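Just so you know, these numbers come straight off a predicted model, no measurement behind them. Just so it is clear, the values below take in all heavy atoms, side chains as well, and ignore hydrogens, waters and symmetry mates.
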Amino acid sequence: MGRITRRSLTVAAAGALAATVTAGDALAEGRGGGHRPEFRGMWLATVANRDWPSRPGLTADQQRAELLDFLDTAVRRRLNAVVFQVRPTADALWPSPYEPWAECLTGVQGRDPGWDPLGTAVREAHRRGLELHAWFNPYRIAGHTDPSRLIPTHPARVHPEWVVPYGGKLYYDPGLPEVRRFVQDAMLDAVARYDIDAVHWDDYFYPYPVAGQVFDDDATYERYGAGFPDRAAWRRNNIDRLVYETAVRVKLLGRRVRFGISPFGVWRNQATDPLGSATTAGVQTYDDLYADTRAWVRRGWLDYIVPQVYWNIGFAAADYAVLVPWWSEAVRGTGVNLYIGEALYKAGDPAQPAPWQDPAELSRHLTFDRGFPRVRGNVYFSAKEVAADHNGAMARVVADHYPYRVRPPR
């Protein structure tokens, strides 16, 4: 397995990668037709029933009603996109030939819920003038380390050699070529079957570090790591390959589906790398998650990136007002759209620093972003908070910044 180089794609793949025209062309513009397009999204999380369904085991009608309520909430908040988590833990919210039905639906992994959540979400989002971005997690298998709790036909049971327990969870080993191919096939099945607007990944590649634990990929590294200066470089190459190959395969499907990633907000601290941000974050995606997010942008592998800048303006270790300009420079000249991930879940949470108790904090973020034209929108974590709006922060954003509905960027 050789390194990914900067060489050009084949003519066909290059042409496909350049075809980044948004599926939003067909969306309703409403009263925003004369206004600059911007991305206004919310994440709708399903892992552990975070946002939806409210609990496992609801009837199909109850699940559908809750889902439609969230879509209606997005419309009321004058958003234009929903990022719907459809593969939370190596399972599926559609009838997948690769993986079982998600446990979050019925409470039993593999049990048919009696309807098609992804198909319904795509259809009903488009009816409302919303884009539907299908959110996949590539490598997470389970929030526990007991394979016997997975159904017998689960790919992780059929291929135990693919699995690494770490930090109380199970993961697929990113260093195995067969794993890389399988997770792409599993995700792209949804792209081939549904009129989704984008493939979306979050911030989980190699898992976040857990003190005192080691991600045991010794055997895989011994088999495939020759020619790399160290294990870290080899791991980054594994993730690079996943990103690059997925980008090519998405575009070669011949549809206007985009590919976007929402990484942790800090690539590297400046003290580690002069190209990094003036931050002192405890996690750096390049070093700790083996995800070279800046390179993916600079090489044009993505259509958009949504760094999770989940800190307030003035936060010492990772200042919002430092990271937004850094990311704005990162996308300069690349054609990659930049949207900023916003920590709506922190607004009004008494456990958070004082700025998050002010309902105007998030609105100030968007005001700040206006000074950086390469910032083309914002995405809010997550749907439950968009709906509940505990301290009025979301209502303030809408009042101050979203007077009309507008289309997402093309």
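Using a distance-only test at 3.5 Å, with no hydrogens or angles considered, no donor-acceptor pair links the side chain of Glu131 to the main chain of Val83. Using a distance-only test at 3.5 Å, with no hydrogens or angles considered, no donor-acceptor pair links the side chain of Asp173 to the main chain of Val164. With hydrogens and angles disregarded, a donor-acceptor distance shorter than 3.5 Å links the side chain of Gln62 to the backbone of Thr59. The main-chain N or O of Val210 is found under 3.5 Å from a side-chain atom of Tyr166 such that the two form a donor-acceptor pair. In this structure, Gln63 contributes its side chain and Pro53 its backbone to no donor-acceptor pair below 3.5 Å. Listed for the Asp319 side chain is a donor-acceptor partner under 3.5 Å among the backbone atoms of Gly314. Remark: the backbone N or O of Ser96 is not paired with any side-chain donor or acceptor of Asp189 at under 3.5 angstrom. Under the 3.5 Å distance criterion, the side-chain polar atoms of Gln308 are left unmatched by any main-chain donor or acceptor of Gly341. Here the side chain of Asp288 pairs a donor or acceptor atom with the backbone of Gln284 at under 3.5 angstrom.
Of the charged side-chain nitrogens involved, at least one lies within less than 4.0 Å of a carboxylate oxygen, so that Arg64 and Asp61 count as a salt-bridged pair. Salt-bridge annotation for Glu329 and Arg374: present, with a side-chain N of the basic residue lying under 4.0 Å from a carboxylate O of the acidic one. Taking 4.0 Å as the cut-off between side-chain N and carboxylate O, Arg123 and Asp116 do not count as a salt-bridged pair. Ionic pairing of Glu38 and Arg36 is not present here: no N-O contact between side-chain nitrogen and carboxylate oxygen is shorter than 4.0 angstrom. The pair Arg364-Asp400 fails the salt-bridge criterion, with no side-chain N (NZ, NE, NH1 or NH2) lying under 4.0 Å from an Asp/Glu carboxylate O. Classification of Arg268 and Asp273 as a salt-bridged pair holds, one side-chain N sitting under 4.0 Å from a carboxylate O.
Between Lys346 and Trp311 there is a side-chain heavy-atom pair separated by less than 4.5 Å. Contact annotation: the side chain of Tyr286 never approaches that of Thr272 to less than 4.5 Å [non-hydrogen atoms, C-beta and beyond]. By the 4.5 Å heavy-atom criterion applied to side chains, Val266 and Leu323 are counted as neighbours. In this structure, the side chains of Phe215 and Pro174 come closer than 4.5 Å at one or more pairs of heavy atoms. A heavy-atom distance below 4.5 Å is found between the side chains of Asp195 and His126. Between Val179 and Val183 there is a side-chain heavy-atom pair separated by less than 4.5 Å. With a 4.5 Å cut-off on side-chain heavy atoms, Leu242 and Thr246 count as touching.
For the residue pair Leu362 and Ala393, the shortest heavy atom distance occurs at CD1-CB, 4.4 Å. Smallest separation of non-hydrogen atoms from Leu150 and Ala142: CD2-CB, 4.2 Å. Among all heavy-atom pairs drawn from Ile313 and Ala321, the shortest one is CG2-CB, 4.3 Å. Minimum interatomic distance between Pro113 and Trp101 (heavy atoms only, all atoms of both residues): CD-CD2, 3.3 Å. Contact detail for Val250 and Val199: the closest heavy-atom pair is CG2-CG2, 4.0 Å. Taking both residues in full, the closest heavy atoms of Arg77 and Tyr402 are given as O-CD1, 3.7 Å, listed atom of the first, atom of the second, then distance.
The structure places CG of Asp287 at 9.5 Å from CG of Leu289, a figure rounded to the nearest 0.5 Å. For the atom pair CG of Asp240 and CZ of Phe205, the computed distance is 10.5 Å after rounding to the nearest 0.5 Å. Atom NE2 of residue His401 and atom CZ of residue Arg370 lie 6.0 Å apart, to the nearest 0.5 angstrom. Atom CG of Leu58 sits about 9.0 Å away from atom CH2 of Trp52, to the nearest 0.5 Å. For the atom pair Phe39 CZ and Asn80 CG, the distance stands at 6.5 Å (nearest 0.5 Å). Note that CH2 of Trp296 is 7.5 Å distant from CG of Leu302, once rounded to the nearest 0.5 Å.
Partners of Ala121 by side-chain contact (heavy atoms from CB on, under 4.5 Å), not counting sequence neighbours, listed by chain and number: Leu67, Phe84, Leu132. Checked against side-chain contact (heavy atoms from CB on, under 4.5 Å), Tyr345 has the following partners two or more places apart in sequence or in another chain: Arg50, Tyr310, Ala343, Phe381, Glu385. Every residue was checked against the salt bridge (charged side-chain N to carboxylate O under 4.0 Å, His left out) condition with Arg76, not counting sequence neighbours, and none meets it. By the salt bridge (charged side-chain N to carboxylate O under 4.0 Å, His left out) test, Asp72 is found to be paired with Arg128, residues two or more places apart in sequence or in another chain being considered. Legend: residues meeting side chain to side chain donor-acceptor pair (under 3.5 Å) with Trp267, ordered by chain and number and at least two apart, are Asp292.
Separation of the Trp234 and Tyr221 ring centroids falls under the 6.0 Å cut-off.
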Should Tyr339 and Asp369 be marked as a side-chain hydrogen bond (donor to acceptor under 3.5 Å, both in side chains) after you check the CA-CA gap, both sets of side-chain angles, and the distance that decides it?
CA-CA 10 Å; Tyr339 316 135; Asp369 294 348; over 6 Å; no
Quick one: do Glu342 and Asn378 satisfy side-chain hydrogen bond (donor to acceptor under 3.5 Å, both in side chains)? Show the steps, please.
CA-CA 7 Å; Glu342 302 286 349; Asn378 304 78; 2.9 Å; yes
Is there a side-chain hydrogen bond (donor to acceptor under 3.5 Å, both in side chains) between Asp202 and Ser262 once you walk through the steps?
CA-CA 5 Å; Asp202 54 17; Ser262 175; over 6 Å; no
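Partner of Phe259 under the ring pair (Phe, Tyr, Trp, His ring centres under 6.0 Å) criterion, out of Trp301, Trp201, Tyr304: Trp201 alone.
Using cut-offs of 30° and 60° on the angle between ring planes, the pair Trp162 and Phe182 is tilted.
A cation-pi contact, defined as under 6.0 Å to the ring centre and within 45° of the axis, links Arg140 to Tyr204.
Within the structure, the side-chain hydrogen bond (donor to acceptor under 3.5 Å, both in side chains) test picks out the following pairs touching residues 145-159 (sequence neighbours left out): Asp146-Ser148, His159-Glu161.
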